[in-house]
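The sequence lines fix the lettering, A, B, ..., with proteins before strands; numbering per chain opens at 1.
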Amino acid sequence: MTSSLFLFNTSSRKKELFTPKDPERVTMYVCGPTVYNYIHIGNARPAVVFDVLFRLLKREYGTVIYARNITDVDDKIIAAAQENDESMSAITTRFTKAYRDDVSALKTLAPTLEPLATEHIEEMIQLTEILMNKGHAYLAEANVLFSVQSMKDYGALSNRAIEDMLAGARVEIAQYKKHPGDFVLWKPSKSGEPGWDSPWGFGRPGWHLECSAMAHSHLGQDIDIHGGGRDLIFPHHENEIAQSCCAYGGNFVNHWMHNATVDIDGEKMSKSLGNIRTVRDLLKNYRGDVLKLALLSTHYRSPLNFSTALLEQSEKTLTSFYNGLREVDEIPIDEVNIADTSFYEALCDDLNTPLAISELHSMTKRINTGSLSEKRIAKSQLLAAGSLLGLLDCEPNAWLQGGLDLISISPEEIDSLILERDKAKKAKNYARADEIRGLLTGKGVLLEDSSDGTRWRRSSD
RNA sequence: GGCUCGGUGGCAGAGUGGUCAUGCAGCGGAUUGCAAAUCCGUCUACGCCGGUUCGAUUCCGACCCGAGCCUCCA
């Protein structure tokens, strides 16, 4: 409680002091995945960024209700189901599990709640009815549409005027819309398509509806933080605001937060561009900790250029932290108040993770160079800081020797070769000793001689 | 066209009106049988042009270049 948390608010385009409506119960809603495919590393960015925020808020306030939805009804899912000749729920069940596995491999905590759209159809129908009754929605050819002209501040979040929305329209506009910007709350389902009975016939919800309904039913009025990718600002979040404010009154959200994209060669990674890297594939070559650190190595509001070089560097960085930790493995840790550190201060300044990571380096340096008592403090701080990021929770040796099966030799064989090399060294047979070192290097095993004997770790390349 | 956001050293990436980011890589050294790890030292910066200022990478303006949203998207 020593630092003040400042967060950039998309709505005001400024950093603002974060002041929860109820400090005893902080509420955060983050847009989760549409589950019809494996997620890519760009989808993982909000999961990781808001995980750090979740941890930080818990540290500051204690109780945080973090909801991250699963969109399990959607046209893309229906299309995928038809393509694979399976049911929508078969697809969504499979990819919901895959999503949870992937983000958990990235060392993120499970949110407090993971509401499913299909389990909130009733709430969505109710919300639509309210909007109809208040004159914000109308029925047109079996679609229920939200009328953007019925709301005076429509477009405020993304700073665009309703009049301008025609200008850039690149998409054919349905004839039955009163205004081109009007969006679907409820749409009819054809036979064979999934749907639910409603006052407007058999159908399904529009995309934006679920977040408004679920945020309201789980988190209540005026939630503290709503997060998601920058590309959701318009139309998704704009439309959520329209629905929620017009139906329930209030502000809907006090702090809007948006992470920038993950890019490949300076271009946004997206399914439509076909330049995606799935988390699943990346995890075959890199540990989740590496991916997480990579995603945190750029400030969340700046585009992150994704590359192999970035991952290699992140891996090296983690290894250097663990190298330090291994040296002080025997030193006990103390309770430290992480809030007193520059590390914490950096996080409290709109989640400045790159600066926070530089403080991790500085703590590691103190582990390597400090007096015994300094080492002890630095180790305690480094571990506490790591845990606030959801990193550095491995045994140093397990990290340095383990991970992916990139070494083609068993630990037993390594140990016996080390033994043989020790004997050769004692006999001053350096030729044989170097031969063994070379042999192991070839297998990705790096030997390190020290006064306590020889130890090994996986080589980084 | 409208609305946003950027351009920092070989790379990644913070930040600031006036000595230092940080990491990786490089170079020199210490240490080592040789290495590794670690340590010490060290070189490359703030897109371009003006303005404000004692002083600007940092503020203001123009320009150039790039990205995002306006369509499903994290």
- Message: Is the ring pair A:Phe183/A:Tyr154 parallel, tilted or perpendicular, if the boundaries are 30 and 60 degrees?
- Response: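 Ring orientation, 0 to 90° scale: parallel.
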- Item | Pairwise C1' distance, B:U42 and B:G47 [rounded to whole Å] | 28 Å
- Message: Looking at A:Lys271, I'd like to know whether one of its side-chain N or O atoms comes within less than 4.0 Å of OP1 or OP2 on B:A74.
- Response: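 Affirmative; the distance criterion is met.
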- Item | Flag for A:His40-A:Thr278: side-chain donor and acceptor within less than 3.5 Å | no
- Item | Between A:Tyr38 and A:Phe95, ring centroids under 6.0 Å | yes
- Item | Test of ring centre spacing under 6.0 Å for A:His237 and A:His226 |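 When the ring centroids of A:His237 and A:His226 are compared, they turn out to be within the sub-6.0 Å range.
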Pair assignment for [N], Watson-Crick or G-U wobble, requiring both distances under 3.5 Å:
N: B:C34; result: none
N: B:A67; result: B:U4
N: B:C11; result: B:G23
N: B:A62; result: none

- Item | Side-chain donor/acceptor contact of A:Arg437 with base of B:A35 under 3.5 Å |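 Yes, the side chain and the base share a sub-3.5 Å donor-acceptor pair.
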- Message: Distance criterion of 3.5 Å, no angle test: do you see the side chain of A:Asp449 paired donor-to-acceptor with the base of B:C34?
- Response: yes
- Task: Measure the distance from CZ on A:Arg230 to P on B:A74 and round it to the nearest whole Å.
- Result: 16 Å
- Assign A:Ser362 to base, sugar-phosphate, or nothing according to its heavy-atom contacts below 4.0 angstrom with the strands shown.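 If one applies the 4.0 Å heavy-atom cut-off, A:Ser362 turns out to touch nothing in the nucleic acid.
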Give me the distances for all protein-to-nucleotides 8-14 of chain B N/O pairs that come in under 3.5 Å?
from: B:G13; atom 1: OP1; to: A:Thr298; atom 2: OG1; distance (Å): 3.0
from: B:A14; atom 1: OP1; to: A:His299; atom 2: N; distance (Å): 2.6
from: B:A14; atom 1: O3'; to: A:Asn352; atom 2: ND2; distance (Å): 3.1

